[in-house]
Amino acid sequence: MASSSILPLLKALSNARDTVSPEDVTNAIALSFKDELSPVQTGALLTALHFTGLDQKAEIIAAAARAMRGAGLPIEGLGEDVNGTNGSDETYAGGLVDIVGTGGDGHNTFNVSTTSAILASGCGLRICKHGNRASTSTSGSADILTSLGASLLAVTPSVVTSIFTPPAPGARIPNFCFLFAPVFHPSMRHVAGIRKELGYRTIFNLLGPLVNPIDYSVRGGLEARIIGVGKRQLGTVFAETLILLGCRKGMVVCGEEGLDEVSCEGRTECWRLVEVEPRGEVEVDHFFVHPTETFGLPTHPLAAVAGGKSADENAEILERLLRGGEKGEEERAVKDFVLLNAAALLAISGMLGSVGRVKEGEVARSDVWKKAVEKAREGVESGRAWEEWTAFVEVSQNAAAAAARKNYLGSR
């Protein structure tokens, strides 16, 4: 039931001469999450932001992300060490990291960021991936992981707390966890129908990579991240947005084909956040990476790594890859694609030392990128990536069983 109005903001948005502040947007988005705006006003807000181009501005995207973070379910009781010390460009401090794309790039490739995340967890990175079901492709991250046995709805805030705060000294902390967006952002249900009826991408399509619950549950948030965007003009925008949100270690990527991943076909444009000492300011290095020149891997056309399959089919491929297998040329291309993206995350995290500063517009050639590929390959061939995945599946299934028992006893 609508109980608030944003009519002054809507009038300002309709008049190009008026100034709209990020705080105005934060407050308006927050009201929509509380279901305090009418569907007409929420739809008008999203439409106005879209057609004025304000939803492509860093300060506006950051404002909307703050509102969505504020409406999300926090993960209580996580120790400060869950994000390490945020490390430096040359060191990985053991914090949580994520790799995610904005989606909607139209290429419908294999679930590379999801697979890369699991693979990287087998290399010692602590992954807390935030994701959802497919909206523009045939198989989203949550779809493929559910097909592979995970009970994602059961991974609630309290379960995540238990994962990262083991009860006994020396108990093993899993390196992989997946946070299903509808569980942690239930307020999105208030705008879901409106978004569907509008029929075009709105500012909400950009917010998923910016609202990982770790970022608003733990001081310092994620230690490192890679975010893929499908339009190069969003590269600088997202880098600036991350800085506004307090991120100090990360990289935004866009394949030259308009791909929201590190491309296996050709060059990928990168915007890397670099913390500069002793001032502590964050600068952005703008450069390129290339499968062969940077990572030492062969190139593959995007057509060779096209998804287009069901979640069950992609899950079979994912399992084979994590177990170190592959079937045919297509899966060899997918494996290289996954190694490429996992290696990029390993390199950016600081696990293998600093990748160094790269001059404007040049192709990165530091040996760290190639070492990261070998580290990623080891994570697969050793079996550790598959072990991390199965450990998470067990946790999620146990949580689902415990919830079912509680519901059963409560209904008696």
Side-chain angles (χ1 to χ4, degrees), residues 58 87-92 97 99-102 105 107 109 112-113 116 120 209 223-243 247-302 305 336-377:
S88 69
D89 290 332
E90 298 182 358
T91 59
Y92 170 57
V97 302
I99 177 171
V100 61
T102 56
D105 62 11
H107 290 289
T109 53
V112 66
S113 63
S116 299
E223 178 175 339
R225 76 198 76 205
I226 288 180
I227 294 179
V229 295
K231 297 179 180 179
R232 69 172 307 275
Q233 59 266 34
L234 287 175
T236 299
V237 171
F238 259 77
E240 293 174 354
T241 301
L242 287 174
I243 293 172
C247 178
R248 311 192 74 77
K249 187 196 295 187
M251 188 165 74
V252 182
V253 300
C254 181
E256 285 196 319
E257 310 84 9
L259 180 71
D260 68 339
E261 314 279 1
V262 177
S263 174
C264 61
E265 180 172 305
R267 297 199 311 174
T268 296
E269 199 164 0
C270 303
W271 297 263
R272 176 175 169 250
L273 275 57
V274 182
E275 187 170 8
V276 180
E277 299 292 350
R279 303 188 309 275
E281 297 176 357
V282 179
E283 297 180 354
V284 178
D285 281 358
H286 174 230
F287 57 91
F288 293 86
V289 293
H290 184 274
T292 306
E293 296 175 46
T294 305
F295 295 94
L297 288 168
T299 60
H300 301 280
L302 290 186
V305 295
D336 283 343
F337 192 21
V338 171
L339 287 172
L340 188 69
N341 280 270
L345 185 60
L346 288 165
I348 292 303
S349 73
M351 173 172 275
L352 301 168
S354 175
V355 300
R357 304 295 295 266
V358 185
K359 291 183 179 179
E360 171 71 22
E362 291 193 356
V363 175
R365 300 178 189 277
S366 165
D367 287 343
V368 169
W369 304 96
K370 293 182 176 67
K371 291 178 182 177
V373 171
E374 295 311 308
K375 184 77 171 177
R377 201 185 301 277

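Note that this is a predicted model, so its numbers are computed, not measured.
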ask   = Residues two or more places apart in sequence or in another chain: which of them pass side chain to side chain contact (heavy atoms under 4.5 Å, CB included) with R365?
value = E293, V363

task = Could you tell me whether the side chain of T91 and the main chain of G350 form a donor-acceptor pair under 3.5 Å?
result = no

query = Would you call T268 and T294 a side-chain contact if the rule is heavy atoms closer than 4.5 Å?
reply = no

ask   = If we only count heavy atoms from C-beta on, is the L302 to L259 side-chain gap below 4.5 Å?
value = yes

query = Taking side chain as C-beta onward, heavy atoms only, is P291 less than 4.5 Å from D336?
reply = no

request  = Mind checking the CD-CG spacing from E374 to L352? Nearest 0.5 Å is all I need.
outcome  = 11.0 Å

ask   = How long is the span from the OG atom in S366 to the CZ atom in R357, to the nearest 0.5 Å?
value = 13.5 Å

ask   = Is the backbone of G266 close enough, under 3.5 Å, to the side chain of T299 for a donor and an acceptor to pair up by distance?
value = no

request  = Kindly indicate whether the side chain of I348, heavy atoms from C-beta on, has any atom under 4.5 Å from the side chain of W369.
outcome  = yes

inquiry  = Please determine whether side chain to side chain contact (heavy atoms under 4.5 Å, CB included) holds for the pair V237 and K231, giving the CA-CA distance in whole Å, both sets of side-chain angles, and the decisive distance to 0.1 Å.
reply    = CA-CA 10 Å; V237 171; K231 297 179 180 179; over 6 Å; no

ask   = So, are E223 and K249 salt-bridged, with charged N and O less than 4.0 Å apart?
value = yes

query = Any side-chain heavy atom of V100 within less than 4.5 Å of one from I227?
reply = yes

request  = Any chance you could measure E240, atom CD, to L234, atom CG, to the nearest 0.5 Å?
outcome  = 11.5 Å

message = Using every non-hydrogen atom in the two residues, find where N341 and V262 come nearest and quote the distance to one decimal.
response = OD1-N, 3.0 Å

query = How far apart are the closest heavy atoms of V368 and A347, and which atoms are they?
reply = CG1-CB, 4.2 Å

Heavy-atom closest contact (D285 atom, V274 atom, distance) = OD2-CG2, 3.7 Å

remark   = Between the CZ atom in R267 and the NE2 atom in H290, the distance rounded to the nearest 0.5 Å is 8.5 Å

task = Only counting residues at least two apart or in another chain, list the ones meeting side chain to side chain contact (heavy atoms under 4.5 Å, CB included) with C254.
result = V229, R232, W271

For C247, side chain to side chain contact (heavy atoms under 4.5 Å, CB included) partners two or more places apart = R225, L242, L273

task = Would you indicate whether the side-chain heavy atoms of V355 and R272 approach each other to under 4.5 Å?
result = yes

message = Quick check: closest heavy atoms across F287 and E362, and the distance to 0.1 Å?
response = CB-O, 3.2 Å

Spatial distance of atom CG (L346) from atom CD1 (I99) [nearest 0.5 Å] = 9.5 Å

query = What closest approach, in Å, do P209 and G101 show between heavy atoms, and which atom pair accounts for it?
reply = CG-O, 4.0 Å

inquiry  = How long is the straight-line distance from CD of E257 back to CD of E265, given to the nearest 0.5 Å?
reply    = 4.5 Å

note = In terms of heavy-atom contacts, V305 and C264 come closest through CG2-SG, 3.9 Å

